[in-house]
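Down below is the structure, laid out as structure tokens.
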Amino acid sequence: MNYWLMKSEPDSFSIDALKQAPKQTTAWDGVRNFQARNMLRDSMKRGDQAFFYHSSCDVPGIAGIVSIVKEGYPDKTAFDPKHHHYDADSKADAPRWFVVDVKLVRKFKRIITLDELRQHAAKALKDFVLLRRGNRLSVMPVTNKDWEFVLTLE
DNA sequence: GCCAACGTTGGC
DNA sequence: GCCAACGTTGGC
């Protein structure tokens with residue numbers, strides 16, 4: 001089993017929105033970056049877990065944990081001309097963008113803030129991709145070691 | 001294949 | 001709203 005981190009802007013989709021979704025499950029759509037796409041399509045497996053990260057908001061940080069319940073399949077929002085995430089270059093017979101389905105495992109009692117994570121960037125979390133300068137990936141791998149350390153912060 | 005221009009991300 | 005950092009595009 002592998003670990004991941006997935007970013008979402010809570011204004012568009014928060015961990016509370018996931019909590020209220022049918023079966024507390026959603027397709028993680030709208031990723032439009034090839035590196036992140038490759039992970040969604042090829043690497044993320046059923047049973048893997050991911051941190052749900054809130055970005056571009058008052059308190060950026062990790063809000064909880066989700067699990068992958070369905071492996072990569074085409075992102076339908078890319079096919080819909082009216083959709084915000086439409087991409088004319090993604091064809092039904094040759095899809096360019098992919099999603100996985102995620103299900104809520106649990107919401108943390110509190111947000112583990114980016115600020116707090118940064119305090120460990122020099123030592124315990126020195127390999128954490130999220131903390132690398134200029135990092136912009138919306139889906140990224142997390143090592144077992146970093147996963148476990150972050151959980152101790154809650 | 002290079003690289004400038006442009007768009008996006010995301011923290012502040 | 002600003003801006004650094006980075007990915008993507010497109011001209012050459």
Side-chain angles (χ1 to χ4, degrees), chain A residues 2-21 26-44 48-66 68 71-102 104-143 145-147 149-154:
Chain A
N2 288 307
Y3 296 113
W4 308 92
L5 180 145
M6 304 172 87
K7 291 182 187 170
S8 180
E9 300 186 14
D11 286 348
S12 58
F13 191 77
S14 68
I15 197 160
D16 289 327
L18 179 59
K19 199 171 182 177
Q20 285 156 27
T26 191
W28 199 267
D29 59 26
V31 172
R32 297 290 180 267
N33 167 284
F34 289 103
Q35 237 184 306
R37 184 281 310 270
N38 293 346
M39 289 186 269
L40 291 168
R41 187 188 59 188
D42 307 327
S43 308
M44 301 177 82
D48 285 359
Q49 294 198 333
F51 287 134
F52 191 124
Y53 180 86
H54 281 175
S55 66
S56 295
C57 56
D58 282 352
V59 187
I62 298 169
I65 296 173
V66 299
I68 310 309
E71 294 176 14
Y73 64 98
D75 185 341
K76 289 196 274 298
T77 66
F79 303 142
D80 177 1
K82 292 187 293 292
H83 199 283
H84 180 239
H85 294 304
Y86 176 62
D87 180 358
D89 291 333
S90 186
K91 306 289 201 306
D93 58 350
R96 171 185 272 202
W97 305 116
F98 286 73
V99 301
V100 296
D101 284 357
V102 302
L104 183 67
V105 172
R106 68 188 176 94
K107 178 186 170 182
F108 289 161
K109 291 189 191 69
R110 62 183 194 88
I111 301 268
I112 300 175
T113 65
L114 177 61
D115 186 53
E116 194 178 348
L117 294 167
R118 283 232 172 88
Q119 292 171 21
H120 301 280
K123 295 187 82 176
L125 295 178
K126 65 177 157 49
D127 299 320
F128 201 14
V129 178
L130 180 74
L131 303 176
R132 277 192 207 146
R133 201 171 66 105
N135 157 68
R136 282 173 45 190
L137 272 179
S138 58
V139 176
M140 67 187 77
V142 176
T143 65
K145 179 176 75 66
D146 289 347
W147 180 272
F149 182 81
V150 169
L151 291 181
T152 67
L153 299 175
E154 187 192 5

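In this text the structure is predicted, and so the values were computed from the model without any measurement.
- Distance CG (A:Leu117) to C1' (B:dG10): 15 Å, rounded to an integer number of Å.
- Nucleic acid contact class of A:Ser55 (heavy atoms, under 4.0 Å, all strands): sugar-phosphate only.
- Side-chain atoms of A:Ser8 come within 3.5 Å of backbone N or O of A:Phe13 as a donor-acceptor pair.
- Between A:Leu137 atom CG and B:dT9 atom C1' there is a gap of 11 Å when expressed in whole angstrom units.
- For A:Asp11 and B:dG11, the CG to P distance is 12 Å, given to the nearest whole Å.
- Taking only side-chain atoms of A:Arg96, from C-beta outward, the nucleotide of C:dT9, B:dG11, B:dG10 with the closest atom is C:dT9.
- A:Asp115 places its CG atom 12 Å from the P atom of B:dG11, with the value rounded to the nearest Å.
- Residue A:Lys7 places at least one side-chain N or O closer than 4.0 Å to OP1 or OP2 of B:dG10.
- Listed by residue number, the members of residues 57-64 of chain A with any heavy atom below 4.0 angstrom from DNA chain C form an empty set.
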Audit row: A:Thr77, A:Arg32, side-chain hydrogen bond (donor to acceptor under 3.5 Å, both in side chains) steps and yes/no: CA-CA 11 Å; A:Thr77 66; A:Arg32 297 290 180 267; 3.1 Å; yes

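- Computed from coordinates, the A:Arg32 CZ to B:dT9 C1' distance equals 15 Å when rounded to whole Å.
- Taking atom CD1 on A:Ile111 and atom P on B:dG11, their separation rounds to 12 Å, with Å as the unit.
- Remark: the backbone N or O of A:Arg96 is paired with a side-chain donor or acceptor of A:Arg37 at under 3.5 angstrom.
- In terms of phosphate contacts, A:Tyr53 brings a side-chain nitrogen or oxygen within less than 4.0 Å of OP1 or OP2 of B:dG11.
- What separates CG of A:Asn135 from P of C:dA5 is a distance of 13 Å, to the nearest Å.
- Nearest to the side-chain atoms of A:Ser56 among the listed nucleotides B:dC12, C:dG7, B:dG10 stands B:dG10.
- In this structure, A:Phe52 has its ring center under 6.0 Å from that of A:Trp28.
- Counting to the nearest Å, the P atom of C:dT8 and the CG atom of A:Asn38 are 10 Å from each other.
- Minimum atom distance to the side chain of A:Arg133 is reached by C:dA5, of the listed C:dG7, C:dA5, B:dG11.
- Judged by distance alone, with hydrogens and angles left aside, the side-chain atoms of A:Asn135 form a donor-acceptor pair with the main-chain N or O of A:Leu137 at under 3.5 Å.
- In terms of modelled atom types and a separation under 3.5 Å, the side chain of A:Asp48 and the main chain of A:Asn2 share a donor-acceptor contact.
- A:Arg132 comes within 4.0 angstrom of no nucleic acid atom, judged by non-hydrogen atoms across all strands.
- The distance between the ring centers of A:Trp147 and A:Phe128 does not fall below 6.0 angstrom.
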